[in-house]
Amino acid sequence: MKFQNLMASTGEWLRGEGPHHQVVVSSRVRLARNLRNRAFPGWAKKAERTMILELIKPRVEELPEMQEPFSELLQDLSALEKQVLVERHLISREHAAKSVGSAIIMNRKQTLSVMVNEEDHLRMQSIRSGLQLRQAFKLVDKVDSALEGKLDFAYDAKLGYLTACPTNVGTGMRASAMLHLPGLVLSELINQVIQAVNKIGLAVRGLYGEGTEAMGNLFQISNQTTLGEKEDEIISRLNKVIETIIEKEQDARQVLIQKKPNTLWDQIGRAYGLLTYAHAMTSKEALNLLSVVKLGIDLGAFPEDKRLAIDQLFIETQPAHLQKSTQQKLNAEERDHFRAQIIRERLKSFPKPDISKVAREPEPTGNSEPEKNE
Amino acid sequence: MLCDVCKCNDAAVFLTQIVDGKMQKVNLCEGCSKEKGVQDPTGFALADLLLGIGAAEEIEKGGSSTRCPVCGFTQADFKKTGRLGCSSCYVAFAEGLNSLLKAMHKGTAHVGKLPTRAQKTLALSDRMKTLTENLRKAVQEENYERSNSWRVN
């Protein structure tokens with residue numbers, strides 16, 4: 001598969017059809033694996049890295065899950081193309097900085113991506129829309145089991161899978177969900193939630209992982225520990241916490257509707273106004289405004305069939321996607337102008353917010369039980 | 001120049017340290033430098049930054065001259081980068097790593113997925129354990145007829 005084809009089709013997870021999709025944008029599970037007694041990518045010399053790559057890449061390409069894959073060496077991708085993959089969460093920012101001796105292989109549906117020689121020899125990731133951590137794990141676990149028959153993975157009876165960084169040793173698994181929490185942000189409850197989640201040993205991060213800012217009211221929540229707990233237990237723990245957060249977010253939205261309706265309609269109206277009429281917009285502003293319109297769709301102020309257009313704009317207004325689609329390098333000012341233009345065009349037939357259609361629920365109690373299943 | 005930790009914001013705090021005669025540079029943005037509590041650059045190690053404050057000290061316990069026999073990585077390299085050289089480093093630096101892992105994770109032993117290869121080894125070692133135990137019991141009960149049947153000739 002060519003890069004152009006990849007650009008043209010959005011991944012399955014971007015279509016936002018998964019369970020709890022109003023709050024959970026996507027679920028991701030990645031496994032880190034290494035070859036026994038081979039220097040980890042950060043320590044291996046170029047020749048050894050290349051040798052390891054040549055050993056792993058064909059094994060991954062021949063997997064039944066990888067029919068007609070997108071498979072590229074990192075040195076063959078331009079900086080812009082790498083950035084597009086980062087914006088789609090198909091490779092990490094660390095991997096985008098790699099060149100000779102590293103590769104990316106992913107399936108056509110963009111639900112499975114394998115990074116070769118990132119921080120570890122293998123980083124296998126499955127990404128799904130909505131809350132589907134268990135399904136994401138199932139796929140990546142299957143791929144791992146298929147590969148372990150062909151490659152000698154570094155595994156220790158006591159420490160489990162051995163990784164370059166001791167923070168990943170054991171299961172080598174990082175499960176994470178991207179949550180859209182405008183209700184908790186608008187009602188200024190988000191910091192409480194983040195602190196509570198941190199206390200129970202889970203990490204909360206911004207849009208692009210470690211150290212990144214939370215833009216567009218998007219937050220990533222993931223497990224921090226990988227040793228001493230089964231994969232299944234880690235996922236259960238995460239699911240439980242995420243379900244509680246979903247509940248808190250829904251409660252916060254209802255409280256806003258009932259107690260601060262003017263603030264809420266003002267935010268939605270302003271977001272709509274700016275997105276449909278502005279002529280310059282930074283990616284941060286666009287994300288924040290799109291987030292409010294997405295909230296408007298969730299609440300019923302905009303028709304449901306407009307959801308896909310907004311979800312796509314979340315990705316397509318990102319700097320690299322924007323430049324890739326114009327086929328030319330733009331400076332920041334030109335980008336902001338072009339971004340506003342794209343948004344205006346896409347929202348041409350977007351109806352005005354209609355608050356009479358907002359679904360009002362009875363006063364939330366705030367202490368209902370979290371759901372048991374995904 | 002971008003921050004070495006978040007790789008997102010511009011670096012505002014530039015640290016340079018000489019460790020074992022080698023220069024080590026770290027660039028941090030304002031947020032990360034505050035978050036990591038890096039106001040006093042003396043005795044600063046990247047391992048602290050990546051693995052948590054106090055990690056470098058734990059690593060030191062194993063002696064910074066210890067070298068991995070497989071890949072040549074040293075404790076000092078680990079302290080500097082917060083990453084290991086190869087899978088054998090876990091054996092070479094086990095001493096310093098143990099307390100580090102204890103502080104970092106929920107437990108000190110893996111309880112998750114077993115690769116098929118390891119399952120076979122585990123099954124063999126379990127069988128070995130059962131047989132040894134049976135042999136010991138039989139000898140204890142002076143049931144030599146049975147114990148002889150388990151003895152490896």
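Chain A is the first sequence line, chain B the second, and so forth, proteins listed ahead of strands; every chain is numbered from 1. Note that the coordinates shown come from a computational prediction; the quantities given were computed from them, not determined experimentally.
Between the side chains of A/N34 and B/S87, not a single donor N or O lies within less than 3.5 Å of an accepting N or O.
Here B/G85 is the residue among B/G85, B/G112, B/G107 with the most heavy-atom pairs under 4.5 Å with chain A. In terms of heavy-atom pairs under 4.5 angstrom with chain B, the leader among A/L35, A/T225, A/D144 is A/T225. Most heavy-atom pairs under 4.5 Å with chain B: of the set A/R38, A/E148, A/K230, this distinction falls to A/E148. With respect to chain A, the highest number of heavy-atom pairs below 4.5 Å among B/S88, B/A109, B/C71 belongs to B/A109.
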- Message: Determine whether B/R83 and A/E119 satisfy the following criterion, side-chain contact (heavy atoms from CB on, under 4.5 Å), listing intermediate values before the conclusion.
- Response: CA-CA 9 Å; B/R83 302 283 184 272; A/E119 182 181 292; 2.9 Å; yes
- Task: Please test A/L159 against B/L101 for side-chain contact (heavy atoms from CB on, under 4.5 Å), starting from the C-alpha separation and ending with a verdict.
- Result: CA-CA 10 Å; A/L159 293 176; B/L101 290 173; 3.7 Å; yes
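Shortest non-hydrogen contact noted between B/L114 and A/Y161 is C-OH, 4.1 Å.
Taking OG1 from B/T81 and CZ from A/F40, the interatomic distance works out to 11.0 Å, rounded to the nearest 0.5 Å. Atom-to-atom distance recorded for B/L84:CG and A/L162:CG is 9.0 Å, nearest 0.5 angstrom.
Counting heavy atoms of neighbouring residues, nucleotides and ligands inside a 6.0 Å radius, atom NZ of B/K137 does not exceed 12 of them. Taking a 6.0 Å sphere around CD of A/E333, one finds it holds 12 or fewer heavy atoms contributed by other residues, nucleotides or ligands.
Using a 4.5 Å cut-off between heavy atoms, B/V111 touches chain A through backbone and side chain atoms alike. Only the side chain of B/Y90 comes within less than 4.5 Å of a heavy atom of chain A; its backbone N, CA, C and O stay farther away. Heavy atoms of A/D152 lying under 4.5 Å from chain B belong to its backbone as well as its side chain. Residue contact with chain B, scored on non-hydrogen atoms closer than 4.5 Å, involves the side chain of A/Y155 exclusively.
Put simply, the side chain of B/H105 gets close to the backbone of A/L227: a donor and an acceptor are under 3.5 Å apart. Of the possible donor and acceptor atoms, none in the side chain of B/K113 sits under 3.5 Å from a partner among the backbone N and O of A/G170. Between the A/W43 side chain and the B/C86 main chain, no donor and acceptor come within less than 3.5 Å of each other. In this structure, A/E229 contributes its side chain and B/K106 its backbone to no donor-acceptor pair below 3.5 Å.
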